[in-house]
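Comments concern the structure below.
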Amino acid sequence: MPGKGGKASSAPWGRLRAPREDPLQSMGLPSKGDKRLLDFKTQEKYYTKIMERYMSFCTDAGKPNELIRRFSLLEVTDDDASSSTPSPSPSSKSANEPSAATLQNPDNTKAITDVMMALRKLREGIVASKRTDDFSIQAYIFSIRLAVLIKQPESYHPAILHLLRYIAFFHPLTSIEIQEIVGYLILDTACRRKELAEAYNIRYKYQTKDTKLDLVLHAITHDNYILFQRVKDDVDRHRAKLMEWADDDIRLHALKCFGRSYLGVDLAFLEMATGTKWKDLKEKDGVGWELEEGDRVTIRKIRAR
């Protein structure tokens, strides 16, 4: 129907336009029959789109602390059942931290979730095309690092194995890359899978010489909770995330040692040794000890005869 000035209205035609397609979601999984990612050039273009989305996610976060917090949001949303890191209680949060509703809002994690799904598609394309070059190594290492940060072992563990067993066989990694990826595998094996013998075997197989890794293995082997927390505070964030898988066991052992050995202990030392705040020890671990004035925790009281 003609509008004002004799011009036909374009509104009906505007409604027929195809919606704008997300470049990450438009690509299908090679395992489901989509063969586009078997092409090397397509893989590289797709990886560029992934990096653009990831950088946008980081830019939106602004400050480093906010970025770390956003990674933890995905951890709560997607891996709550398997994550060994307790969700912070309302009383222990600062005024700037998000509420529980914010933590579970999919809109806050959609960008990084889309990136992780896109990386899975890209990895499948690299595997199916049997690609082994600098690009495949770069894509795999980025995927592994991101999956480690958000604690998704179903993503980083098979990626580590494929990188070390297949890609590196045809296209050797640099010594720095080997040290990083093998370090992740050792920590995951010892802390998440709780296979200490296998972790030592991997260390021997790759002739890994890393003082901090040796200290972590020593701390877990000998239940040295003080050493474990000190090393955890001294390593980079990726390794610290992998060490978090052992937090529950280390903390439980530390609490048992305190219960058997001490009548009382300073609160600061207790929190340092367990890596947990007092309120979380009470609520999550069911600690029945008493907090006295002067930040002194009473573990046992001597009975008068």
Side-chain angles (χ1 to χ4, degrees), residues 22-25 27 29-30 37 43-85 103 106-127 131 134-164 166-168 173-174 176-189 191-193 232 235-245:
D22 188 325
L24 297 189
Q25 296 180 358
M27 200 72 71
L29 287 164
L37 279 174
Q43 291 174 5
E44 293 166 11
K45 291 178 181 178
Y46 194 59
Y47 181 70
T48 301
K49 294 292 184 183
I50 293 173
M51 292 304 298
E52 289 174 355
R53 185 68 58 86
Y54 176 71
M55 293 307 297
S56 176
F57 170 79
C58 296
T59 302
D60 290 342
K63 298 179 180 180
N65 289 341
E66 177 62 21
L67 181 60
I68 292 172
R69 202 151 44 216
R70 290 195 181 192
F71 279 127
S72 69
L73 303 191
L74 187 68
E75 196 177 305
V76 172
T77 304
D78 290 346
D79 260 339
D80 191 45
S82 62
S83 173
S84 61
T85 305
L103 290 173
D107 293 337
N108 292 321
T109 59
K110 185 179 184 304
I112 200 66
T113 302
D114 290 344
V115 167
M116 289 303 300
M117 186 60 189
L119 285 170
R120 176 189 168 187
K121 297 173 184 177
L122 180 60
R123 290 197 307 271
E124 285 194 9
I126 292 173
V127 172
R131 185 169 187 175
D134 288 334
F135 171 79
S136 61
I137 292 174
Q138 178 184 357
Y140 259 77
I141 289 179
F142 174 74
S143 177
I144 290 167
R145 288 170 178 167
L146 185 55
V148 164
L149 282 178
I150 59 179
K151 296 178 73 172
Q152 285 192 358
E154 67 276 11
S155 295
Y156 68 72
H157 188 254
I160 289 174
L161 296 181
H162 182 74
L163 181 59
L164 293 176
Y166 184 80
I167 296 179
L173 280 66
T174 66
I176 295 176
E177 291 169 342
I178 291 177
Q179 183 176 4
E180 176 187 357
I181 301 304
V182 171
Y184 295 160
L185 182 59
I186 291 174
L187 289 175
D188 183 67
T189 303
C191 298
R192 180 180 67 88
R193 297 175 54 219
K232 185 180 173 185
V235 297
D236 61 63
R237 184 155 187 82
H238 294 84
R239 290 188 172 191
K241 274 293 178 182
L242 290 168
M243 291 177 67
E244 284 181 6
W245 292 108

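Heads up: numbering here begins at 1 and tracks the sequence.
One distance of note links CD of Glu177 with CD of Gln138; it measures 9.5 Å at 0.5 Å rounding. Separation of atoms CG (Leu173) and CD1 (Ile181) is listed at 7.5 Å; rounding is to 0.5 Å. Once rounded to the nearest 0.5 Å, the distance linking CG of Leu119 with CD1 of Ile112 reads 8.5 Å. Taken from CZ in Arg192 to CG in Leu187, the straight-line distance is 12.0 Å, to the nearest 0.5 Å. Interatomic distance, Lys49 NZ to Met27 CE, rounded to the nearest 0.5 Å: 10.5 Å. Remark: Asp22 CG to Asp114 CG distance equals 6.0 Å, nearest 0.5 Å.
Side-chain atoms of Lys151 and Trp245, non-hydrogen and from C-beta on, do get closer than 4.5 Å to each other. The shortest distance between side-chain heavy atoms of Arg53 and Pro23 falls below 4.5 Å.
Judged by distance alone, with hydrogens and angles left aside, the side-chain atoms of Tyr140 form no donor-acceptor pair with the main-chain N or O of Ile160 at under 3.5 Å. Using modelled atom types, no side-chain atom of Ser56 and backbone atom of Glu52 make a donor-acceptor pair closer than 3.5 Å. In this structure, Lys232 contributes its side chain and Met243 its backbone to no donor-acceptor pair below 3.5 Å.
Across Ala147 and Ser155, no two heavy atoms sit closer than the pair CB-CB, 3.7 Å. Closest approach of Ala139 to Tyr47, counting heavy atoms only: CA-CE1, 3.9 Å.
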Between Leu161 and Leu185, does a side chain to side chain contact (heavy atoms under 4.5 Å, CB included) hold up when you go through it step by step?
CA-CA 8 Å; Leu161 296 181; Leu185 182 59; 4.2 Å; yes
Evaluate Val127 against Tyr166 for side chain to side chain contact (heavy atoms under 4.5 Å, CB included), listing each step before the verdict.
CA-CA 9 Å; Val127 172; Tyr166 184 80; over 6 Å; no
From CA spacing to verdict: side chain to side chain contact (heavy atoms under 4.5 Å, CB included), Ile176, Glu180
CA-CA 6 Å; Ile176 295 176; Glu180 176 187 357; 5.6 Å; no
After noting the C-alpha distance and the side-chain angles of Leu37 and Glu124, does the key distance pass the side chain to side chain contact (heavy atoms under 4.5 Å, CB included) rule?
CA-CA 8 Å; Leu37 279 174; Glu124 285 194 9; over 6 Å; no
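Partners of Tyr184 according to the ring pair (Phe, Tyr, Trp, His ring centres under 6.0 Å) rule, which considers only residues two or more places apart in sequence or in another chain, do not exist here. Applying the side-chain hydrogen bond (donor to acceptor under 3.5 Å, both in side chains) rule to Glu44 yields the partners Arg131; only residues at least two apart in sequence or on another chain are considered.
Taking 4.0 Å as the cut-off between side-chain N and carboxylate O, Glu244 and Lys241 count as a salt-bridged pair.
Checking each of Leu122, Ile50, Leu29, Leu24 against Met117 for a side chain to side chain contact (heavy atoms under 4.5 Å, CB included) leaves exactly one that passes, namely Leu29.
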